[in-house]
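Naming convention: chains lettered A, B, ... in sequence-line order (proteins, then strands); numbering from 1 in each chain.
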There are 2 protein chains.
Amino acid sequence: MSATLSDIARETRTSISTVSRVLAGGTAARRISRATAERVRAAAQRLGYRPNLVARSLRTRKSDTIALLISDISNPFFGQIGNLIERSLHRHGYSLMLCNSGEDPQREVEYLQLLSQKAIGGLIVVPMARTRKQLLEFLPQDLPIVVLDRPVPGINSLVASDQDQAAGILCDAMERAGVKTVALVAGPQEVQTHRRRAEVISQRMEVVFRHEGPAQPETGRQAYIQCMGIDVDAFACTNNFLALGVIDCIAALESPPVIGCFDEIPLVDLLPLPIVASLQDVPMLAESCVTQLLRQLNNDQEKPSPIILQSRAKSNKAFHEYREQHGKIAAS
Amino acid sequence: MSATLSDIARETRTSISTVSRVLAGGTAARRISRATAERVRAAAQRLGYRPNLVARSLRTRKSDTIALLISDISNPFFGQIGNLIERSLHRHGYSLMLCNSGEDPQREVEYLQLLSQKAIGGLIVVPMARTRKQLLEFLPQDLPIVVLDRPVPGINSLVASDQDQAAGILCDAMERAGVKTVALVAGPQEVQTHRRRAEVISQRMEVVFRHEGPAQPETGRQAYIQCMGIDVDAFACTNNFLALGVIDCIAALESPPVIGCFDEIPLVDLLPLPIVASLQDVPMLAESCVTQLLRQLNNDQEKPSPIILQSRAKSNKAFHEYREQHGKIAAS
DNA sequence: TTGTATGCGTTATCAG
DNA sequence: CTGATAACGCATACAA
């Protein structure tokens, strides 16, 4: 058991309040004489004092723990983000509570309710909830919150990629490579991100086949199987998990179609398939979440405004070869 | 703001302790009359009572939050484990605090100290610390703890893979494929897992080149570059991150060597390299951690004993072809 | 069967 | 400049 304020007070023959003020620092500490402040600090040091964060939370009604509510930390995209957010928060003195909703709205609500019970100090969330009301219903009014990846109308504290731009550069790349007809493999259309990506692709490309399902490799496999017989230049997938399933099936072909997708595909350069991906700026997404959140935690008065990041296209060698063969001559 | 015990007491014209006893359930609740118990439960329901977990923690000196202290959640191995552990804990009513040590002993110590300040209820840790003393120094004596993946002498509450068996089946597979000479690419030898794997490989195979460094792809790349000119049948890597770096460099060769490694390589079946990996039973590792921990949390009297899991070998098509060409005839 | 009183360790208010 | 003292919400020993 660590020493308490009261231990230090006894040791220094001062009162608990004095000790608290000294150790709290800030304005309160300045109203204390150099002498006693020094004595208190010395005693705290000597006794190895560490504040009881639970007691502090009970009193202040907030903790230095931030919740990260996402669908699944084993998704590499969230794994990277989670790692970066945790590092950054830790540097700023906060801890992270990890909450996997598993894309299950009910689990999301359960967690949302938990937050106030635990006096969680802030929330970074990739929401299932589609409306501001749904999302905030069970949360304390003043809880600092950052919505990540999926815009929710009426919430300005947003960090996300510009999905129109992201899908746009993907279509650009495919067009330049001579892709005309595409099979669209889409994740759940209830999810903003998947929906918007699918919409842009549908507008820009000639979609001759379409399959929708959970954002898992299995959905990609099913799409490929059902699409057999139909001739397409490319499979466009609204995320990398879907693409993995398609790639898995497609590898055997002698003249494989293009794969267009979003986010990172591991070892993409080694795969004998033409692949082009639209990559989000993951480190910037993570860091933006933290700065956006810290601003609210520090009671910065200016209202938060959305942070929208640009994506960039990345393709592998096989894609470049494909483009050599099928692509238009680039009009400079 | 949620209702408190005191609100319910006032509403039902009983006392705080009565309400507390009813809502606590268990033995205390049985000593209360059906009538008042019902009244209390009804009021709690009506007022939407949710216990303030911070206050409870302060009083009981423990919380229902479990810490997971690992090196890096963006490592897919830990991502999977983290996801499974979080799901399982959540089902059992616990939350997860995620701590990335980044393989930095100092960050590990920082986190260890934090746990008691937060009254964390239990710990699952992949430790840097090599001794029982180092690990437990800053922890409450009675904290339920599970050591994952890296045995620490004197701590029985362990969940890990049998590294001798894991490395053994990898060597078996390579031998059967006709591999004689290997380049050993090893992670930090301070880490139990890497060290043991390297030892077994060194005993079983003819190691003609050796490179050690952080368990990152970059180390694998360096190893490959420094190994150029030396003729080896295989690269044996003590984990998948190292292997990724080697694979990255090696892909271009017309007659590539075998890659032997541990844990999952994404899209391994599509890669044009002979790869064999020794796979840990990740879901079982995760679930074992939770059961091992819950047993301690429920004050089960029997002392915990280590849970050691077996691995299995998995290879891709290219490896099978390699084996056809170079392998011994299997002596039945 | 139920109520009263105390304390967990802090922060914050109000007197001096 | 400093010290009592009152919460925060809950669990629990002790009375009744």
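Distance NZ (A:Lys62) to P (D:dC8): 17 Å, rounded to an integer number of Å. When rounded to the nearest whole Å, the span between CG of B:Leu58 and P of D:dG9 equals 12 Å. A:Asp7 places its CG atom 13 Å from the C1' atom of C:dC8, with the value rounded to the nearest Å. Per the geometry, CD1 belonging to A:Ile8 stands 14 Å off P belonging to D:dG3, to the nearest Å. Note: CZ (A:Arg34) to C1' (D:dC1) measures 13 Å, nearest angstrom. Spacing between atom CG of B:Leu23 and atom P of D:dG9 amounts to 16 Å, rounded to whole angstrom units. In this structure, CZ of A:Arg13 is placed 12 Å from P of D:dG3, rounded to the nearest angstrom.
In terms of position along DNA chain C, the nucleotide closest to B:Ser15 lies nearer the 5' end than the nucleotide closest to the other residue of the pair B:Ser15 and A:Ser2.
Using modelled atom types, no side-chain atom of B:Asp64 and backbone atom of B:Gly121 make a donor-acceptor pair closer than 3.5 Å. Looking at B:Asn83, its side chain never comes within 3.5 Å of a backbone N or O of B:Gln80 through a donor-acceptor pair. Side-chain N or O atoms of A:Glu86 include none that pairs as donor or acceptor with a backbone N or O of A:Leu96 at under 3.5 Å. At distances below 3.5 Å, not a single donor-acceptor pair connects side-chain atoms of B:Arg150 with backbone N or O atoms of B:Gln192.
Taken from OG in A:Ser288 to CG in A:Leu84, the straight-line distance is 11.0 Å, to the nearest 0.5 Å. Here CZ of A:Arg107 is found 10.0 Å from CG of A:Leu69. Values are rounded to the nearest 0.5 Å.
Taking side-chain N and O atoms only, A:Thr14 has no distance below 4.0 Å to OP1 or OP2 of D:dT2. Between A:Thr18 and D:dG3 there is a side-chain N or O to OP1 or OP2 distance below 4.0 Å.
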**OP:** Let me have a per-nucleotide readout for nucleotides 10-16 of chain D, 5' to 3', with B, S or -, counting only protein heavy atoms under 4.0 Å.
**Re:** BBBB---
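Put simply, the residue from B:Arg295, B:Gln296, B:Lys303 that forms a side chain to side chain donor-acceptor pair (under 3.5 Å) with B:Ser157 is B:Gln296.
Contacts of A:Thr36 with the nucleic acid, taken as non-hydrogen atoms under 4.0 Å apart, involve only primed sugar atoms and P, OP1 or OP2.
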